[in-house]
Amino acid sequence: MKRIKIKEALLQGKAGDEILIKGWVRTFRSNRFIHINDGSTIHNLQAVLDFENFDEQELKRITTGACLALEGSLVESMGKGQHIEMQVTKFEILGECDPNVYPLQPKKHSLEFLRSIAHLRPRTNTFGAVLRVRHALAYAIHNYFNNKGFFYLHTPIITGSDCEGAGEMFRVSTLDPRNLPKNEDGTIDYSKDFFGRETNLTVSGQLEGELGAMAISEIYTFGPTFRAENSNTPRHLAEFWMIEPEMAFCDLNDNMDLAEDFLKYLIQYALNTCADDLQFLSARQQEEEKNKPQDQRSMELLEKLKFIIDNRFARITYTEAIDILENSKPNKKGQFQFPISGFGTDLQSEHERYLVEKHFKCPVILTDYPKEIKAFYMKQNPDGKTVRAMDILFPGIGEIVGGSQREESYDKLLNRIHELGLKEEDFWWYLDTRRFGSAEHSGFGLGFERLVLFVTGMSNIRDVIPFPRTPKSAEF
RNA sequence: UCCUCAGUAGCUCAGUCGGUUAGAGCGGCGGACUGUUAAUCCGUAGGUCGUAGGUUCAAGUCCUACCUGGGGAGCCA
């Protein structure tokens, strides 16, 4: 008999169907009721066996976590809680699971504990749901861009040093750290290294992405990204996945339109295809937050997701944001830890949260930041003070998208590189796009895990990636 | 990296002012029961109190350092 998935049995199965299913035992009650799950859906199949007909010693091997193959027929359930169940005629234990040492019990576990057993946590309802939603979102990303005629560009994961400018990087080397080849002045001789130069893991595919856009017009990247920053927060990972579209013939407004449309499409896709999982995650979140005071609780998950889809993101410039913040109640009452002191100061988390959660009460796109606090490649505005940057801020998550229109003028870009003390020769290939057939172009980066965090209503980014890498932690 | 809180049984936690043999629920094991829904009932085993020092007649409890984790901040996606 051909094995079918539990999702199929529950969705399409009819009473009388003879089926074979395989999966892992969640609970075994009354020596009669096996709740079994194979990860195809959040729902378990209740399999009923008449213990009178089976060997007692064999039944004892059916324990929480054991892997079973069950043969039998679907029948209408006599009990409450499920419409259909399986009457087992034959079972085989594919993999035993010693209940003395198996860490997952049929009870609530803390997310912190589950993180310490990341190799087994996919077998829980919560992580099963998160993984399915994560998959759906990844699939939707390719779907969206493919439908729009974008090409998936594979930018390198190993990059030459100093060419990206953003943050601490992980070194990639095959040199023996106990015996490093040295130059005469005592510095490390990287010409002896694998690539004959210093190399690192990528912190962004953007610069290479721009090369693609300046040839095939519209591209996106979707790959792992590495930041060696010592960030210990529920929103940062050392290894995460980032989506970076880059579009030729596209200004900042087009860029914002695309980003907003993209995010709404992804959320709608999750609502359409992961209703059961999101329903479960919503209940989980409400259960977790029931001890919090009313004003600190999140909006119900499905309601929150629909709200994002149904409302236009607020769009304001950095200068307007400073204005709003200067005149805000918390600023006047001195409630901000960092008071707003006019143009030029970088916005702190508390300011972003005020704008998103109190003032606009919806996602906010902030544009035209002072050039001093943004990257060298952003297009300079005629005012000489600001650049065509945009950050999308989401409630509870903060910055989910960061992007900009890129500086397409060779001279202006080169000036900025010099102003910031960057080495022109490191960017020769990047500058070439501005030398040879330059064009207006824009793009942004979307943190994939931050999106998954938002859509699943989980509160720690380490719980929306299967095997999180963070400072002092790279187990599994 | 900074601030802050925590670490006691497999898990979640209690442990009073420093004082005798460190507790509970769940889970496990043994048994009873058998249409259960985190089943129920009876019984039972299970501990280097994060690690290393220190104070004290006496430390789970006080002090110091370190490790790990949570929350907040910075950096950012």
Side-chain angles (χ1 to χ4, degrees), chain A residues 26-35 43-52 59-60 63-65 75-82 85 87 97-117 120 124-125 165-168 203-206 221-222 224-244 259 287 292 296 337-338 346-353 373-375 391-394 397-403 444-454 459-463 465 470-473 475:
Chain A
R26 289 296 176 76
T27 61
F28 183 33
R29 273 192 298 272
S30 301
N31 221 11
R32 187 188 292 277
F33 302 100
I34 304 170
H35 276 226
H43 302 294
N44 300 326
L45 178 68
Q46 172 157 287
V48 185
L49 42 78
D50 296 324
F51 56 87
E52 304 87 346
L59 288 173
K60 284 210 162 134
T63 57
T64 299
V75 294
E76 280 180 33
S77 179
M78 290 159 69
K80 290 169 196 150
Q82 60 280 317
E85 65 190 19
Q87 186 67 47
C97 186
D98 181 352
N100 272 307
V101 286
Y102 186 57
L104 287 173
Q105 301 159 9
K107 61 171 274 192
K108 226 181 193 90
H109 288 292
S110 69
L111 294 171
E112 291 83 3
F113 170 67
L114 292 171
R115 224 170 278 154
S116 73
I117 49 164
L120 296 172
T124 63
N125 286 332
E168 292 290 308
V203 295
S204 164
Q206 183 202 315
T221 73
F222 183 7
T225 310
F226 307 88
R227 304 267 167 98
E229 251 106 44
N230 194 5
S231 299
N232 292 289
T233 84
R235 297 179 306 281
H236 288 87
L237 291 165
E239 177 184 289
F240 64 99
W241 289 67
M242 186 155 64
I243 300 102
E244 296 179 288
E287 175 69 20
K292 283 190 180 179
Q296 281 176 34
Q337 198 190 336
F338 300 91
D346 207 350
L347 299 180
Q348 307 289 321
S349 295
E350 56 178 350
H351 306 135
E352 296 182 349
R353 270 209 313 277
I373 59 175
K374 287 292 178 185
D391 284 357
I392 303 185
L393 309 177
F394 262 33
I397 307 284
E399 187 176 343
I400 196 167
V401 163
F444 61 84
L446 167 68
F448 183 54
E449 282 75 17
R450 289 194 180 169
L451 174 72
V452 182
L453 199 55
F454 184 78
S459 47
N460 192 312
I461 202 162
R462 299 167 193 204
D463 297 329
I465 187 167
T470 54
K472 301 278 180 291
S473 165
E475 191 68 68

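A note on names: the letters A, B, ... follow the listed sequences, proteins ahead of strands, and every chain is numbered from 1. No experiment lies behind these values; they were computed from the predicted model shown. Excluded from the calculations below are hydrogen atoms, water molecules and symmetry mates; all remaining heavy atoms, backbone and side chain alike, are included.
Regarding N230(A), its CG atom lies at a distance of 15 Å from the P atom of rC76(B), rounded to whole Å. If you measure from atom CD of E229(A) to atom P of rA73(B), you get 17 Å, rounded to the nearest angstrom. Note: NE2 (H35(A)) to C1' (rG35(B)) measures 11 Å, nearest angstrom. Rounding to whole angstrom units, CD of residue Q206(A) and P of rC76(B) are separated by 14 Å.
Taking every side-chain heavy atom of K107(A) into account, rU12(B) is the closest of rU34(B), rA77(B), rU12(B). Side-chain proximity of S30(A) to the nucleotides rU34(B), rG28(B), rG27(B) is greatest for rU34(B). Closest to the side chain of H236(A), out of rG69(B), rG35(B), rA77(B), is rA77(B). Nearest nucleotide to the side chain of E85(A), out of rG28(B), rC11(B), rG35(B): rG35(B). Ranking rC11(B), rA73(B), rG35(B) by closeness to the F113(A) side chain, first place goes to rC11(B). Here rG70(B) is the nucleotide among rU36(B), rG70(B), rA73(B) with the atom lying nearest to any side-chain atom of R462(A). Nearest to the side chain of R29(A), among rU68(B), rA39(B), rG25(B), sits rA39(B). Set against rG35(B), rU12(B), rU68(B), the side chain of K472(A) has rU68(B) as its closest nucleotide. Out of rA73(B), rA77(B), rU36(B), the shortest distance to the side chain of Q82(A) is found at rU36(B).
Using the Watson-Crick or G-U wobble rule with both distances under 3.5 Å, rG7(B) pairs with rC67(B). Pair assignment for rU37(B): none, as no Watson-Crick or G-U wobble contacts are both less than 3.5 Å. Figure legend. rC17(B) is base-paired to no nucleotide; pairs are counted as Watson-Crick or G-U wobble with both atom distances under 3.5 Å. The nucleotide rU1(B) finds its pairing partner in rA73(B), both defining distances of the Watson-Crick or G-U wobble pair being shorter than 3.5 Å. Pairing partner, rU44(B): rG28(B), with both Watson-Crick or wobble hydrogen-bond distances short of 3.5 Å.
At the heavy-atom level, M78(A) lies under 4.0 Å from base atoms of the strands shown. When heavy atoms are screened at a 4.0 angstrom cut-off, I243(A) is found touching no nucleic acid atom at all. Heavy atoms of V101(A) sit nowhere under 4.0 angstrom from any nucleic acid atom. Within the nucleic acid shown, R353(A) comes within 4.0 Å of sugar-phosphate atoms alone, with no base atom in reach, counting heavy atoms only. If you check every strand for non-hydrogen atoms under 4.0 Å, S116(A) touches nothing. Nucleic acid contact for E449(A): none, since no nucleic acid atom lies under 4.0 Å from a heavy atom of the residue. At the heavy-atom level, G79(A) lies under 4.0 Å from base atoms of the strands shown. The residue K60(A) sits close only to the backbone: its heavy atoms come under 4.0 Å of sugar-phosphate atoms, none of a base. Contact annotation for P99(A): backbone-only contact, meaning every heavy-atom pair under 4.0 Å involves sugar-phosphate atoms and none involves a base.
Residues F222(A) and W241(A) meet the side-chain proximity criterion, which asks for heavy atoms closer than 4.5 Å. Inter-residue side-chain proximity for Q206(A) and M242(A) is flagged as unmet; no heavy-atom pair is nearer than 4.5 Å. Between N460(A) and L111(A) there is no side-chain heavy-atom pair separated by less than 4.5 Å.
Minimum interatomic distance between E239(A) and I465(A) (heavy atoms only, all atoms of both residues): O-CD1, 3.8 Å. Annotation for F240(A) and R227(A): closest pair CE2-CG, 3.6 Å, computed over non-hydrogen atoms. Contact between S459(A) and L453(A) at its shortest, heavy atoms only, is C-CD1, 4.0 Å. Contact between C97(A) and T64(A) at its shortest, heavy atoms only, is SG-O, 3.4 Å.
Residue T233(A) places none of its side-chain N or O atoms closer than 4.0 Å to OP1 or OP2 of rC76(B). The phosphate of rG71(B) (OP1 or OP2) has a side-chain N or O of N460(A) nearer than 4.0 angstrom. For Q348(A), a side-chain nitrogen or oxygen approaches OP1 or OP2 of rG74(B) to under 4.0 Å. The side chain of R115(A) places an N or O atom within less than 4.0 Å of a non-bridging phosphate oxygen (OP1 or OP2) of rG70(B). Residue T27(A) places none of its side-chain N or O atoms closer than 4.0 Å to OP1 or OP2 of rA38(B).
To the nearest 0.5 Å, atoms CG (L59(A)) and CZ (R32(A)) are separated by 11.0 Å. With rounding to the nearest 0.5 angstrom, the CZ atom of R235(A) is 10.5 Å from the CD atom of E399(A).
Taking atom P on both nucleotides, rG69(B) is separated from rA59(B) by 30 Å, rounded to a whole Å. Distance noted for atom C1' between rC29(B) and rG70(B): 34 Å (whole Å). Across rC75(B) and rA22(B), the matching C1' atoms stand 45 Å from one another, rounded to whole Å. rG54(B) and rC17(B): their P atoms are spaced 27 Å apart (whole Å). Only the P atoms considered, rG23(B) is 23 Å distant from rG28(B), to the nearest whole Å. Straight-line distance between the C1' atoms of rC13(B) and rG31(B): roughly 29 Å, to the nearest whole Å. Separation of the C1' atoms belonging to rC26(B) and rA45(B) is 16 Å when rounded to the nearest angstrom. rA77(B) and rG15(B): their C1' atoms are spaced 44 Å apart (whole Å).
A donor-acceptor contact under 3.5 Å links the side chain of S231(A) to the base of rC75(B). Taking only distance into account, the side chain of R32(A) never meets the base of rC33(B) through a donor-acceptor pair shorter than 3.5 Å. One cannot find a donor-acceptor pair under 3.5 Å joining the base of rG28(B) and the side-chain atoms of Q105(A).
For F240(A) and rA77(B), the ring-to-base geometry satisfies the stacking test (centroid distance below 5.5 Å, interplanar angle below 30°).
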